[in-house]
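A quick write-up on the structure given underneath.
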Amino acid sequence: QVQLVESGGGLVQAGGSLRLSCAASGRTFSSYRMGWFRQAPGKEREFVGAIRWSAGSTYYSSSVQGRFTISRDNAKNTVFLQMNSLKPEDTAVYYCAAGALAWTAQAVRNMAAYDYWGQGTQVTVSS
């Protein structure tokens, strides 16, 4: 059974940093892309960034480009989202997701193109 488990969320002041983790289990993810999405209260879930597990290629939304970094640890089957220079508008529940194969700008941003989802972790940035 595939499981994605996020951790690392919490409360941080504006300008601070957090690192989220997504521990993946239940299958081999080497051919997958791992995405991070977030959903703020009253808003739709939105794409944050993604990493191609095998090559380590990354892709980010313009709202987090330069502040957030996605990486992975193959030995631990874990993907990380390092978030720096956090802003109050980054407050949301953050989800990791796994999707097979396609690595295109359209696929990485499309929630429907992800097969597995974690339960989410809350990030709150105070002003």
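Closest heavy-atom contact between Arg52 and Arg72: O-NE, 4.4 Å. Pairing each heavy atom of Ala50 with each of Trp103, the nearest pair is O-CH2, 3.7 Å. Considering all non-hydrogen atoms of both residues, Val64 and Val48 come closest at CG2-O, 3.4 Å. Taking all atoms of both residues into account, the shortest heavy-atom contact from Trp53 to Asn74 is NE1-OD1, 2.7 Å. The two atoms that bring Thr78 and Ser21 nearest to each other are CG2-CB, 4.1 Å, heavy atoms only. Taking every heavy atom of both residues into account, Leu4 and Cys22 meet most closely at CB-SG, 4.0 Å.
Rounded to the nearest 0.5 Å, atoms OG1 (Thr28) and CG (Asn77) are 7.5 Å apart. With rounding to the nearest 0.5 Å, the separation of CD in Glu44 from CD in Gln39 is 8.5 Å.
The hydrophobic clustering, which links ILVMFWY residues whose side-chain heavy atoms are closer than 4.5 Å, places Phe80 and Tyr32 apart. Trp117 and Leu81 fall into different hydrophobic clusters, where Ile, Leu, Val, Met, Phe, Trp and Tyr are joined by side-chain heavy atoms under 4.5 Å apart, directly or via other members.
A side-chain donor-acceptor contact under 3.5 Å links Ser17 and Asn84.
Looking only at distances, no side-chain donor or acceptor of Arg45 sits under 3.5 Å from a matching main-chain atom of Phe37. Between the side chain of Thr124 and the backbone N or O of Leu11, no donor-acceptor pair lies under 3.5 Å.
Residues Ile51 and Val79 have side chains in contact (heavy-atom distance under 4.5 Å, counting atoms from C-beta outward). Side-chain contact between Glu6 and Gln119 is present, with heavy atoms from C-beta onward closer than 4.5 Å. In this structure, Val108 and Arg33 have side chains that are in contact, with non-hydrogen atoms separated by less than 4.5 Å.
Screening residues 55-64 for side chain to side chain donor-acceptor pair (under 3.5 Å), with sequence neighbours left out, gives Ser61-Ser63. Residue pairs satisfying the side chain to side chain donor-acceptor pair (under 3.5 Å) criterion with at least one member in residues 104-115, sequence neighbours excluded, are absent.
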Going by atom type alone, with no hydrogens or angles, which donor-acceptor pairs under 3.5 Å involve a side-chain atom of residues 88-98 and a protein atom two or more places apart or on another chain?
from  : atom 1 : to     : atom 2 : distance (Å)
Asp90 : OD1    : Arg38  : NH1    : 2.9
Asp90 : OD1    : Arg67  : NH2    : 3.0
Asp90 : OD2    : Arg67  : NH1    : 2.8
Asp90 : OD2    : Arg67  : NH2    : 3.4
Asp90 : OD2    : Lys87  : N      : 2.8
Thr91 : OG1    : Pro88  : O      : 2.9
Thr91 : OG1    : Val125 : N      : 2.9
Thr91 : OG1    : Val125 : O      : 3.4
Tyr94 : OH     : Arg38  : NH1    : 2.9
Tyr94 : OH     : Asp90  : O      : 2.6

Between Gln82 and Phe68, is the side-chain contact (heavy atoms from CB on, under 4.5 Å) condition met? List the steps. CA-CA 5 Å; Gln82 177 67 44; Phe68 291 11; over 6 Å; no
